[in-house]
Structure formats: structure tokens, C-alpha cells
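What follows is a set of notes on a single structure, which appears directly below.
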Amino acid sequence: MKSQFNKLVRHKKLISRCLFIYGFIAGHDDVSHMIKNRNITLKRLRRCSIGIIGLRKKLAARRLLLISLLSLGLAIIIPVLLFGVLIPTVNAKQNSVSTNSQVRMSVVAKNLNNPRGLAFRTDGELYITEAGVNGQKTQIPGPAPGVILDFGLNGSVTRVYQGVQQRIIVDLQSTTVDPKDTQLVPSINGSSQTFGATDIAFDRKGDAYIILGYATNPLYRRNLGYSGANLASLLKINLTRKGKVVSLKKIADFAQYESEKNPSHDDLVSDPYSFLIQGSDCLVVDGGANDLLRVDRHGDISTEAVFNTRYFPNVKFPVQSVPTAITVGSDGAYYVGEFSGFPFLEGVARIFRLMPGQAPQVYAEGFTQIIDIAAAPDGGLYVLEHASHSLLLGDGSGALIYLSPSGQRTTLVSDGLVLPTAMTIGSDGAIYVSNYGSYAGIGQVVRIEIVS
């Protein structure tokens with residue numbers, strides 16, 4: 001049993017990779033006590049490993065919680081119960097209002113299902129990806145023992161134009177953590193943790209590209225057959241001028257690339273979360289694989305950079321980088337934001353700067369759980385924190401921060417944002433943020449105007 005436990009600890013993705021949190025539900029008295037006091041060490045956990053390893057007969061009675069964050073997928077980054085701490089649910093009628101007198105915030109889209117990346121088309125239409133809601137019970141193994149993912153066709157893309165909100169694409173592939181025998185914090189509408197459509201961008205012709213998350217081993221995708229073939233992939237969508245879908249085509253397969261190349265030489269997981277279009281290429285950050293990938297016009301994938309694990313004196317295992325955001329700065333360089341994996345230490349998330357063909361260099365640090373970044377008109381950066389405190393503390397308050405070219409930081413919004421998941425800048429200069437991004441049915445997009 002000791003060897004089994006050591007093997008579990010060595011399987012780093014179980015405790016720190018991509019947009020996942022892994023924890024254990026109380027079932028053994030010693031484990032319950034340690035969880036309550038958040039004072040878990042590997043030595044103490046080994047002594048009570050009987051409560052969490054090899055429980056074939058006891059699993060039903062002593063429930064094992066292996067919690068995934070999206071991610072955000074993540075992926076993606078979804079409210080869960082970890083170590084007895086609730087990442088808060090919210091009142092469905094709650095409005096997004098900032099008390100900062102220098103900020104005007106208004107809702108431009110609502111009733112969304114786990115809203116993620118968003119982008120404007122050249123004619124002013126706003127498009128929003130939605131990861132979706134619960135799966136439909138076709139199941140595949142999750143990213144860790146004891147976790148099952150339900151596959152479904154629940155993702156979508158919503159269009160907002162001249163005040164009219166409409167889902168123009170539905171039935172996109174998604175996976176959801178099965179709540180059976182797992183104590184999860186449900187969203188208002190009872191949905192579980194869903195990984196699906198995570199970002200969108202437009203090329204110069206006005207065609208859309210979206211990426212779908214996945215959040216588990218690429219090899220399991222074959223169990224879904226043709227229906228699940230688009231998970232962890234880049235899709236091209238031909239649209240009419242009025243936003244109607246003409247065709248949808250798969251361009252690149254990140255799950256296949258991870259299984260064949262495994263650039264980080266680590267466990268196999270793919271969960272693409274954010275991307276941008278530059279010329280005829282797409283630059284994609286995969287929070288599961290911890291890398292930055294380039295997709296050329298032919299759909300061929302190459303590795304642009306790998307983001308290595310880190311070690312901290314007070315953490316007894318390696319901490320994953322988890323890249324979640326990318327933008328191009330005014331200097332032409334790529335800037336990549338990292339979420340930083342379990343145990344979600346505060347103030348350790350970084351922004352990397354890299355030029356094509358060069359290794360990433362730390363540009364700024366001291367942030368917490370970065371989920372998106374965007375270039376500001378003056379050469380600075382806007383930085384969106386999914387949560388401004390460690391997710392283990394149960395505070396879902398996010399923040400929008402301005403980072404000047406000289407390195408000075410100004411918090412623009414520190415209230416009114418709840419687990420935000422993405423942002424974009426409109427032609428009007430306002431910042432549009434996917435808010436309540438980890439909830440189904442009450443997700444929204446807010447427009448933030450900074451008053452000078």
C-alpha cells in the first residue's frame with residue numbers, strides 16, 4: 001500500500017496539473033480532521049492512506065473526491081468543494097455592480113452556461129463561447145482515479161448584436177465531471193463541472209475559430225467515437241454576414257499532438273484554453289499540457305514553448321505552471337499568463353514574454369490565478385485574475401488589474417467580478433468580461449468602462 005501511495009504522489013497531475021484541483025472527502029476520521037484544519041502533509045496522509053487508496057469495497061461508504069477545475073479549461077476553473085472549503089455559489093438575481101466610482105459596469109449578456117472566451121467581429125458583433133451544462137451520461141475516465149467524465153453535446157456560441165442575444169451554435173462537445181459519489185458544490189441550476197468551448201477569435205475574412213477543452217488523457221477520447229472527435233481541437237466556422245453558420249471544420253487536434261509528442265515529457269493531458277490569431281497562424285495555450293502551440297494554415301502543430309513546473313519551500317510536490325492566457329503586446333512579443341496549479345498559492349502567478357523561436361522570460365510576477373490578459377493601448381497590459389485569493393480559501397472574488405509599461409500596477413475592479421474567465425477589449429475602448437464564468441444558467445458578460 002505504501003508503494004501505491006508513493007505512485008499516487010508521483011502522479012503529479014493528480015495534485016497540481018492544469019485547471020484541476022484534487023482533494024479528498026472526509027470518510028476516515030484522521031483524514032477528516034486534517035482536511036478540517038488544512039494541515040495535510042505527505043507523512044500524515046500516508047499513515048491514513050487506508051482511507052484513500054485501495055478502497056474497492058469501502059469507496060461507496062468513504063467517498064473519494066478528486067475535484068477538477070476547469071481550465072480552465074482551467075480550464076478552466078469551476079467552483080468546487082476542497083478541503084471542506086466552499087468556492088461560493090451565488091444568488092441568481094445578483095447583479096454585477098462595482099463600488100469603484102472610477103468604473104462603470106453594465107451587463108450586456110446574461111443567462112449563459114459557463115461563459116468562457118469572447119471576441120468581437122469587425123462589424124461590432126460580440127461572440128461568446130459557453131462550455132455548457134451537464135453531460136448526457138456517455139462516460140469516459142477522468143484525469144485521475146475515481147473521476148468519471150460524462151460526455152455530452154451541450155456547448156454553444158452566443159451572438160450579441162444591437163441588444164439582441166442569440167445562441168447561433170449549439171450541440172458542441174463537452175465533458176462534465178460526474179457528481180455520483182462525489183460531493184461537488186452545484187451551480188444554481190445544478191450543473192457540475194463542465195469543459196467545452198473555451199475561446200473564440202476571428203480572422204481577417206470574418207471567419208470564426210473556436211477551441212474546445214477536454215481535461216483528461218487524450219487516449220480516452222477514442223471511446224467516444226466520432227461524436228467526441230472535436231474535443232481538444234481547433235475548429236473553423238464559416239459565418240454569413242448576419243452570423244449564420246455555413247460550415248464547421250476541424251483544423252487541428254491538440255489531443256492527438258499531446259499523445260504523440262508530449263512536449264513537456266509529463267503525464268498525458270490536453271486542455272486547450274485560450275488562443276489568438278496572428279497572420280495565418282494560431283497560437284494556443286494548453287493548460288493541461290503546459291505548453292504554447294503554433295498551428296499553421298495547414299493545421300500542422302508545432303511547440304512554441306513549454307512552461308516548466310516550479311518548487312516552493314512550503315510545498316512538498318512540484319507546482320504546475322498552467323498557462324491560461326495569451327496576447328500580443330505593442331512590441332510584437334507574445335505575453336502569456338499563468339494560473340499556477342495546486343495548491344494555488346497567492347502571489348506566485350507570472351506573466352511571460354517571448355519572441356518567436358525564443359524561450360519565455362518572466363516579464364512580471366506577483367499575481368494570483370491569472371485567467372486572461374489583454375494588451376492596453378498605451379503598451380501596458382490588462383490582467384484578469386480568476387480569484388484574487390487562493391481558491392482554497394473559498395473566496396471567488398476576481399480582479400481586473402492594469403500593469404503599466406513601467407511595471408506599476410493599478411487595481412481597476414476588485415468587486416463585482418465573481419470567478420471571471422475571460423475578457424476582450426471592444427472598439428469603444430471598454431473591457432468586456434465573462435463573469436460568473438463557472439456557473440451554468442447565470443453566467444454573464446459585463447462591460448467595464450474606466451472613467452478618467
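Not measured: the values here are computed from a predicted model.
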Requested in this report: Mark yes or no for whether R116, through its side chain, and G437, through its backbone, hold a donor-acceptor pair below 3.5 Å.
Outcome: yes

Report task. Carefully, step by step, assess I169 and S156 under the rule side-chain contact (heavy atoms from CB on, under 4.5 Å). Result -> CA-CA 5 Å; I169 303 175; S156 58; 5.8 Å; no

Query - ring pair (Phe, Tyr, Trp, His ring centres under 6.0 Å): pairs with one or both residues in residues 106-151, sequence neighbours excluded - result: F120-Y432, Y127-F202

Report task. Look only at the side chain of S390 and the backbone of E346, and say whether a donor-acceptor pair between them is shorter than 3.5 Å. Result -> no

Query raised in the report: Going by heavy atoms in the side chains, are Y402 and I450 under 4.5 Å from each other?
Result: no

Query raised in the report: With a 4.5 Å heavy-atom cut-off, do S438 and H386 have their side chains touching?
Result: yes

Query raised in the report: Any side-chain heavy atom of Y220 within less than 4.5 Å of one from L149?
Result: no

Query raised in the report: Between E304 and Y334, is any side-chain donor less than 3.5 angstrom from a side-chain acceptor?
Result: no

**Report entry** Short side-chain to backbone donor-acceptor contact, R221 and L231, under 3.5 Å
**Finding:** yes

Query raised in the report: Side chains of N114 and E130: donor-acceptor distance under 3.5 Å anywhere?
Result: no

Query raised in the report: Is any side-chain heavy atom of C282 less than 4.5 Å from a side-chain heavy atom of L234?
Result: yes

Requested in this report: Output yes when a side-chain donor or acceptor of D372 lies under 3.5 Å from a complementary backbone atom of L384, and no otherwise.
Outcome: no

Query - Atom CZ of R222 with >12 non-hydrogen neighbours under 6.0 angstrom - result: no

Query - Side-chain (Q165) to main-chain (K110) donor-acceptor, under 3.5 angstrom - result: yes

Query raised in the report: Which of parallel (below 30°), tilted (30 to 60°) and perpendicular (above 60°) describes F352 and F307?
Result: tilted

Report summary line: All heavy atoms of S414 vs all of T411, minimum pair found to be CB-CG2, 3.8 Å

Query - T368 backbone acceptor or donor facing S340 side chain under 3.5 Å - result: no

Query - Side-chain (D271) to main-chain (G213) donor-acceptor, under 3.5 angstrom - result: no

Query raised in the report: Does a donor on one side chain sit under 3.5 Å from an acceptor on the other, for S270 and D286?
Result: yes

Query raised in the report: K261 side chain to I301 main-chain N or O, any donor-acceptor pair under 3.5 Å?
Result: no

Report task. Ignoring hydrogens and angles, tell me if any N or O in the side chain of Q173 forms a donor-acceptor pair with the backbone of S227 under 3.5 Å. Result -> yes

**Report entry** Least distance between heavy atoms, R241 atom then D123 atom
**Finding:** O-OD2, 3.8 Å

Query raised in the report: Counting distance only, does the side-chain N/O of D291 pair as donor-acceptor with the main-chain N or O of L293 below 3.5 Å?
Result: no

Query raised in the report: Taking side chain as C-beta onward, heavy atoms only, is N230 less than 4.5 Å from L235?
Result: yes

Query raised in the report: Is there a side-chain contact between T216 and T175, using heavy atoms and a 4.5 Å cut-off?
Result: no

Query raised in the report: How about L354 and L292: do any of their side-chain heavy atoms sit closer than 4.5 Å?
Result: yes

Query raised in the report: S233 versus L212: any side-chain heavy-atom pair under 4.5 Å?
Result: no

